[in-house]
Every structure is written in structure tokens, then in C-alpha cells.
> 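Please see the structure below; I have some questions.
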Number of protein chains: 2
Amino acid sequence: MAPKIKDVAKIAGVSVTTVSRVLNGEKYVKDDLKAKVKRVIDELGYAPSHIARSLVRKKTNLIGVIVPDLTSSFYSTILSSIEETASLNDYNLLVCNIIEDTDKELKYLNVFKEMRVDGIIIMHEKLSDDIRSFINKLDIPVIFSSVRPVDHKFVSVIIDDYEAAYDATRYLIELGHERIAFIGGDMRDITSGQNRYVGYRNALKDHRVRTVNDYIRFGDYKTQSGYNLMKELLACEPRPTALFAVSDDMAVGAMNCIHDHQLKVPDDISIIGFDGSQLTELVRPRLSSMEQPIQDMGKITVDTLIELISDPTFSPREDLILGHKLVVRDSCRAYQTER
Amino acid sequence: MAPKIKDVAKIAGVSVTTVSRVLNGEKYVKDDLKAKVKRVIDELGYAPSHIARSLVRKKTNLIGVIVPDLTSSFYSTILSSIEETASLNDYNLLVCNIIEDTDKELKYLNVFKEMRVDGIIIMHEKLSDDIRSFINKLDIPVIFSSVRPVDHKFVSVIIDDYEAAYDATRYLIELGHERIAFIGGDMRDITSGQNRYVGYRNALKDHRVRTVNDYIRFGDYKTQSGYNLMKELLACEPRPTALFAVSDDMAVGAMNCIHDHQLKVPDDISIIGFDGSQLTELVRPRLSSMEQPIQDMGKITVDTLIELISDPTFSPREDLILGHKLVVRDSCRAYQTER
DNA sequence: CTGAAAGCGCTAACAT
DNA sequence: ATGTTAGCGCTTTCAG
């Protein structure tokens with residue numbers, strides 16, 4: 001068995017308290033004793049049990065994270081940023097990958113509760129009633145990152161999805177496009193579903209661009225869905241000349257569909273994506289995108305959560321709205337009217 | 001504070017032992033008592049402390065995972081598979097993202113030790129001496145996934161990288177190519193560095209294809225590196241007509257470079273990647289690749305680790321070698337000799 | 001079938 | 001400056 005504090009104490013010829021003191025860097029320990037204890041610790045390869053510590057300190061330094069899809073470029077990047085920030089602050093991550101699996105999510109939330117994690121980060125907004133009520137009666141700080149569920153009593157770190165979608169659409173309009181299609185997400189999602197859709201619609205309306213219902217399709221943010229919806233869009237008469245897709249993944253799916261139909265981006269169809277994931281630089285033409293500050297989002301999420309943890313009275317109550325930014329690459333071009 | 005077992009016992013009018021018994025599903029508890037206890041548990045929203053449990057059971061159900069890069073398509077996919085399998089077996093994941101940061105890795109390994117994780121999964125092979133000696137004297141089961149470090153005393157779940165690279169190169173040769181370039185990884189890596197390189201060389205040699213040193217470049221498995229190395233290769237006279245890149249990321253970087261130089265894949269240059277990551281289907285032309293069984297790899301890694309955990313005498317001693325598979329897509333074509 | 005009591009490995013008063 | 005001791009919340013003998 002692994003050595004315990006008692007073993008160290010006995011061999012060093014001191015009390016466990018003294019060992020505990022050097023472990024926790026307290027003063028009040030004579031240098032020679034401290035040195036001796038440290039030597040014994042090294043010799044034994046002793047590492048204090050975080051378990052036992054947590055039990056008495058009532059603090060685990062664990063953060064539970066619920067990710068909708070680890071393999072998505074957007075989520076893996078934000079998770080990476082979360083991990084980095086957490087690690088810098090001596091927190092460790094317990095990660096749970098949810099693929100549209102409410103039962104698993106509930107199970108994991110329960111694990112988080114049993115584990116007495118210090119805080120929880122959730123990155124999806126399609127909360128079932130069970131989950132909603134579970135986290136509402138949980139006395140662990142919860143924070144939402146990149147999404148804001150309805151009737152939330154928790155803080156969210158997000159961008160203004162409405163504005164961002166509006167700006168993305170306006171960009172296409174300013175490029176001269178008049179047949180602008182939309183590939184959306186799940187309308188049950190407020191943040192990334194409804195807000196982005198309404199932003200698109202209002203941009204069209206405000207600039208007197210005709211809204212064509214046939215040009216509006218909904219999917220699930222994934223590449224395959226973007227591909228399929230684009231196929232439908234290509235069947236429209238007349239074909240749209242531009243597309244706003246609410247995720248880079250979908251935009252890439254759409255690009256591929258266009259490619260597979262012997263058409264060209266941006267010559268035949270301009271495309272703007274959303275998220276600013278790594279994908280934008282990986283595809284050709286490189287994808288213009290409405291970027292979320294993914295790195296900042298992860299960092300701010302963790303920083304805020306840690307404040308929440310250390311000071312339960314601290315409560316931003318307000319969501320943290322970060323700025324979005326249009327990054328122009330090569331997937332859009334100005335539209336020349338045909339007559 | 002969260003309710004404890006004592007609270008439940010008091011309210012239910014039984015002893016903590018009884019509560020513990022219903023918690024752990026033991027028999028020998030009268031149905032009415034069991035029902036009463038369960039009711040109280042529900043009312044209180046009581047969840048047993050995993051911390052306290054771990055302390056007495058000496059089992060945390062935690063697996064520590066060290067990933068080289070969460071944002072890479074390959075690693076996020078294998079991590080996703082690991083997570084799924086772990087979750088199915090009631091294990092939870094503590095993840096650590098290492099970006100070429102040995103200090104952070106050592107720190108995390110130490111956290112794993114303090115946390116008394118039941119097992120550790122490592123997914124990179126560039127072990128520093130510190131790390132090597134640390135894990136050697138650790139009495140926690142360690143398993144390597146997708147890599148096999150030198151002088152390992154641990155089990156690795158891998159493919160035969162030499163054979164896979166050989167087969168990939170042979171495919172290009174059989175397509176009629178005679179100027180076949182190689183973009184490799186780090187030669188300090190045995191698995192993905194040396195083995196793949198030697199596989200490439202031997203395939204050329206066995207088939208009497210000339211080896212051109214100028215056609216051989218090394219980088220770091222990432223897209224950018226593939227891009228840069230391809231740029232160098234394009235400057236060669238004569239230009240290679242085919243390329244074997246040891247990661248899909250690098251292959252995509254190379255594809256993009258070729259695209260940016262107004263050349264075409266596969267018409268001007270054929271490319272085969274390695275890994276079989278999601279990227280292969282995301283790019284155009286779709287990337288042919290020597291695929292690793294990523295899903296299986298994750299699953300088998302966890303299954304084996306769990307065996308290791310539950311039966312310390314169990315020791316496959318042998319590495320687990322999984323099969324590789326060439327998946328042909330659209331990035332290679334037969335080479336017509338020019339004369 | 002149920003309960004009392006002894007730890008699991010550590011920290012934190014409280015003494016000295 | 002150092003040691004004694006009482007828990008932290010649970011499981012697990014051992015009695016009954």
C-alpha cells in the first residue's frame with residue numbers, strides 16, 4: 001500500500017501534525033525538522049491522499065464539465081481552454097461527453113454531486129425537465145458556457161448570438177446578395193437556435209431583402225446536416241447566391257455539398273460560417289466566419305466559476321456577454337446583379 | 001451543507017449501517033425499512049459522498065488520462081471512445097491536456113497519484129526521464145494508447161505502425177508512382193516517428209523505387225507542419241508525384257499547400273494520410289488514409305485497463321496490436337509515366 | 001435482520 | 001515550535 005502520513009511521521013521521528021505542516025507549507029517548523037521530513041517524503045515517494053484531504057477540507061478542487069460532443073472542433077477547443085485555465089488554478093477536470101443522451105447526463109450530474117465537485121460547467125442548452133430540476137436544487141455552483149438556457153438562474157458566458165447572426169447576414173447583404181439562404185440549428189435552442197435565426201431574419205427585413213421560406217432550413221449543427229440541407233437548397237429555383245450557416249461544421253458540410261455538385265465557392269455561392277473554429281483555416285477556400293472568442297470564453301468561464309466557488313455570495317446575476325467578430329477569408333464574394 | 005448518511009438515518013429512525021446497506025443494495029434489510037430509507041433519501045436529495053466512500057473502499061473509480069492535444073481530430077475521437085467505455089463501466093475521467101509541456105505532465109501525474117486514481121492512460125510517447133522514472137515507481141496501473149514508448153514495462157494498445165506505413169507506401173507504388181515523398185513526425189517517437197519512416201523506406205526498397213533524400217521531411221504531425229513541409233517539397237526538382245503523410249492533419253496541411261500553389265490533388269500529386277480521422281471526409285478531395293481503428297483502440301484501452309485494475313496479477317505483458325486498414329477515397333490516382 | 005464502534009488518511013483546533 | 005486528539009462521511013467487522 002501507498003505510504004501514509006503516519007509512516008512518514010514515524011520514520012522522520014515527528015508527529016503527523018508536523019508532517020502535515022510541512023506538507024502545507026506552514027511556517028512554525030524548524031528548518032532541520034522540515035528538511036528531515038522532506039527527505040523522508042522523497043524516500044518513500046509519499047504523496048498525500050487528496051481523498052482524505054478533500055474529506056476534511058470539504059473541497060475537492062474538481063470541476064465537472066459536460067460537453068455535448070468532444071469531437072467537435074468548437075467544443076474541443078473551448079474544452080482545451082477550460083482545461084488550461086483550470087490547471088493554472090489547481091483545479092482538475094472531470095469530463096463527461098454527452099451525445100444527446102439525457103440519461104447519461106443525469107447520471108453524470110449525479111456523479112458530480114457524489115464526487116462533491118466544487119463547480120460544474122455545462123455547454124449545452126437543451127435541458128430536460130429532470131436535469132433542470134436537478135441542477136436547480138443542487139448546491140454546487142453551475143455555469144453555462146457558450147449557451148444560455150431559458151429561465152436560467154445561472155450565469156452564462158456567451159456572445160450576443162442575435163447580433164452576431166445579424167452582422168453575419170448583413171455582411172452578405174452588403175456584398176450585394178439578394179438570395180440569401182439560412183442553415184440553422186435546433187429551434188428549441190434559444191441561444192444558437194432562435195437567436196441566430198431571428199438575427200438573420202431581421203437583418204433581411206431591415207435591409208429590405210426578400211425572405212424566402214424555401215431558403216431556410218434547420219438541422220443539428222453538424223457537418224452531415226449542413227451537407228444534407230445544402231442539397232435541398234441547391235434544388236431551389238432560383239438557387240440562393242449566398243448562405244449563412246450557424247456553425248462552421250455546417251458551413252463546411254454545405255461547402256462540400258456544393259463541391260460535389262460541381263459548383264464553386266464563392267463563385268457560385270458565397271458562404272459564411274459561425275464559431276471561428278479551427279476548421280475555417282483547414283478547408284479550401286478558407287471559410288469566412290462569425291467568430292466567437294473561443295479561448296476567452298473558456299478562460300472566463302473558469303475564472304468566473306472559481307469566483308463563484310470561493311465566494312458564494314458573489315453572483316454576477318448578469319450574463320457575461322463577449323464580443324463577436326467577423327473574420328473574412330475566402331468563401332464570400334460580391335454578387336453582381338445579373339441584368 | 002449537504003445531508004449526510006447520519007441525517008438520513010436519524011430521520012428514517014434507523015442506524016447508519018442500515019442506510020449504508022440500502023445504499024449498497026445489500027439484502028438482509030426488511031422491505032419496509034428499505035422503503036422508508038429510500039423515501040428519506042429522496043426527500044433530502046441525499047447523495048452519498050464519493051469522497052468518503054473512496055477513502056474506506058480504497059477505490060476511486062477514477063481514470064486519469066493524459067492527452068497530447070485535445071483539439072486534434074485523432075485524439076478527441078479516441079478520447080471520446082475512452083470516455084464512452086469508461087462511463088459504461090462506471091469509471092470517470094480526469095483529463096489532462098499536455099501541449100508539449102513536460103512540467104505540466106509531471107504535475108498532473110502527481111495529481112493522479114494524490115487523487116489515487118485507479119488507473120492511468122497515456123497517449124504520447126515522448127517520455128522525459130523524470131516522467132519515466134515517476135511512472136515506473138508508481139503503483140497504479142498505466143496503459144499506453146496509440147503509442148508504445150521505448151523500454152516500456154507497460155501495456156500498449158497500438159497498431160503495427162511499420163506494417164501500416166509499409167502498406168500505405170506500397171499502395172502508392174502500386175499506383176505507378178516513382179517519386180514518392182514522405183512527411184514524417186518526430187524521429188524521437190518510436191511508434192509514430194521511426195516505425196512509420198522505416199516502413200516507408202523499406203516499401204520503397206523492396207519495390208525498387210528510388211529513395212530521394214530530398215523527398216523526406218520531418219515535422220510534428222500538425223496541419224501547419226504539413227503545410228510548411230509540402231512547400232519545401234514543391235520546390236524539389238523534379239517534383240514528387242505522390243506523398244505519404246504520417247498523419248491526416250499533416251496530409252490536409254499538404255493538400256492545402258498544394259491547393260494554394262494552384263496545383264491539384266490528385267491530378268498533380270497523390271496524397272495518402274494516416275489515422276483515419278474525421279478530417280478525411282471533411283476535405284475535398286476526400287482524403288485516402290491508412291486508418292487506425294480509433295474507436296476500438298479507445299474501447300480496448302479502457303477494457304484492458306479495467307482488467308489491470310481489478311486483477312493486478314493480470315498482465316498481458318504483450319502489447320495489443322490492432323489491425324490497420326487502407327481506406328481509399330479520392331486523393332490518389334494512378335501515375336502515367338511521362339514518356 | 002439490525003446496530004455499535006472502529007477505522008480509512010488527513011487537517012485543525014487546542015494544548016503544551 | 002511541536003504534539004494530542006477529535007472529527008470529515010462513509011463502510012465493515014462483530015455482536016446481538
Side-chain angles (χ1 to χ4, degrees), chain A residues 1-38 40-41 44-62 110-118 139-140, chain B residues 1-38 40-41 44-62 110-118 139-140:
Chain A
M1 279 281 58
K4 18 195 138 198
I5 197 172
K6 210 172 161 186
D7 302 325
V8 177
K10 192 171 300 174
I11 297 183
V14 298
S15 75
V16 294
T17 313
T18 302
V19 179
S20 175
R21 282 192 179 110
V22 347
L23 243 32
N24 296 293
E26 282 174 42
K27 11 194 186 184
Y28 305 137
V29 181
K30 263 199 200 142
D31 285 351
D32 57 328
L33 268 196
K34 191 186 293 186
K36 189 190 288 179
V37 170
K38 277 189 174 156
V40 175
I41 287 177
L44 259 45
Y46 168 77
S49 159
H50 187 95
I51 306 288
R53 253 182 188 174
S54 299
L55 188 59
V56 27
R57 294 220 263 240
K58 294 174 177 315
K59 181 141 183 1
T60 55
N61 278 51
L62 247 30
N110 207 51
V111 169
F112 289 170
K113 183 177 175 186
E114 295 186 356
M115 287 272 195
R116 306 298 193 252
V117 299
D118 293 335
D139 55 353
I140 298 174
Chain B
M1 278 280 59
K4 15 194 142 204
I5 197 172
K6 210 172 161 185
D7 302 325
V8 177
K10 192 172 299 172
I11 297 182
V14 298
S15 74
V16 294
T17 315
T18 301
V19 178
S20 175
R21 282 190 179 111
V22 347
L23 243 33
N24 295 294
E26 281 175 43
K27 10 193 185 179
Y28 303 137
V29 181
K30 262 197 201 146
D31 285 352
D32 57 328
L33 269 195
K34 191 186 292 186
K36 189 191 288 180
V37 170
K38 277 190 173 156
V40 176
I41 287 177
L44 258 46
Y46 168 76
S49 161
H50 188 96
I51 306 289
R53 253 181 188 175
S54 299
L55 188 59
V56 25
R57 295 220 263 240
K58 293 174 178 314
K59 178 134 181 13
T60 55
N61 278 50
L62 248 30
N110 207 49
V111 169
F112 289 169
K113 184 177 174 185
E114 295 186 355
M115 289 271 196
R116 306 296 194 251
V117 299
D118 293 335
D139 55 353
I140 298 175

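Below, read A as the first sequence line, B as the second, and so on, with proteins coming before strands; counting in each chain starts at 1.
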> Can you confirm whether A/L23 sits close enough to A/I41 that some side-chain heavy atom of one is under 4.5 Å from a side-chain heavy atom of the other?
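Yes, side chains in contact.
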> Of the options A/T18, A/V14, A/V19, which is the one that meets A/V29 in a side-chain contact (heavy atoms from CB on, under 4.5 Å)?
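So the option named by the test is A/T18.
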> How many whole angstroms separate atom NZ of B/K10 from atom C1' of C/dG3?
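Distance check: B/K10 NZ to C/dG3 C1' gives 16 Å.
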> Any non-hydrogen side-chain atom of A/V37 less than 4.5 Å from a side-chain atom of A/Y46?
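Side chain of A/V37 against side chain of A/Y46, heavy atoms only: no contact under 4.5 Å found.
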> If you count every heavy atom of other residues, nucleotides or ligands that lies below 6.0 Å from B/K34 atom NZ, does the total exceed 12?
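Counting neighbours around NZ of B/K34, more than 12 heavy atoms of other residues, nucleotides or ligands fall under 6.0 Å, so yes.
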> In whole angstrom, give the distance that lies between atom NE2 of A/H50 and atom C1' of C/dT11.
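One finds 14 Å between C1' of C/dT11 and NE2 of A/H50, rounded.
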> Is B/K36 reaching over with its side chain to a backbone N or O of B/G13, donor-acceptor style, under 3.5 angstrom?
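Not a single qualifying donor-acceptor pair exists.
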> How many whole angstroms separate atom NZ of A/K59 from atom P of C/dT11?
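To the nearest whole Å, that distance equals 14 Å.
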> Treating primed atoms plus P, OP1 and OP2 as sugar-phosphate and everything else as base, which nucleotides of nucleotides 8-16 of chain D get B, S or - for protein heavy atoms under 4.0 Å?
BBBSB----
> With a 3.5 Å distance limit and no angle check, can you tell me whether A/H50 reaches the backbone of A/T60 through a side-chain donor-acceptor pair?
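Such a contact is found between A/H50 side chain and A/T60 backbone.
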> Between B/K113 (NZ) and C/dG9 (C1'), how many Å, whole number?
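Going from B/K113 (NZ) to C/dG9 (C1'), I get 15 Å.
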> Side chains of B/R116 and B/S54: does their closest heavy-atom pair fall under 4.5 Å?
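Side chain of B/R116 against side chain of B/S54, heavy atoms only: no contact under 4.5 Å found.
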> Surrounding NZ of A/K59 (heavy atoms of other residues, nucleotides or ligands, distance under 6.0 Å), is the total greater than 12?
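For A/K59, atom NZ is crowded (more than 12 foreign heavy atoms under 6.0 Å).
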> At how many degrees, to 10°, do the end axes of the helix from C/dC1-D/dG16 to C/dT16-D/dA1 meet when each uses five pairs?
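Computed angle between terminal axes is 40°.
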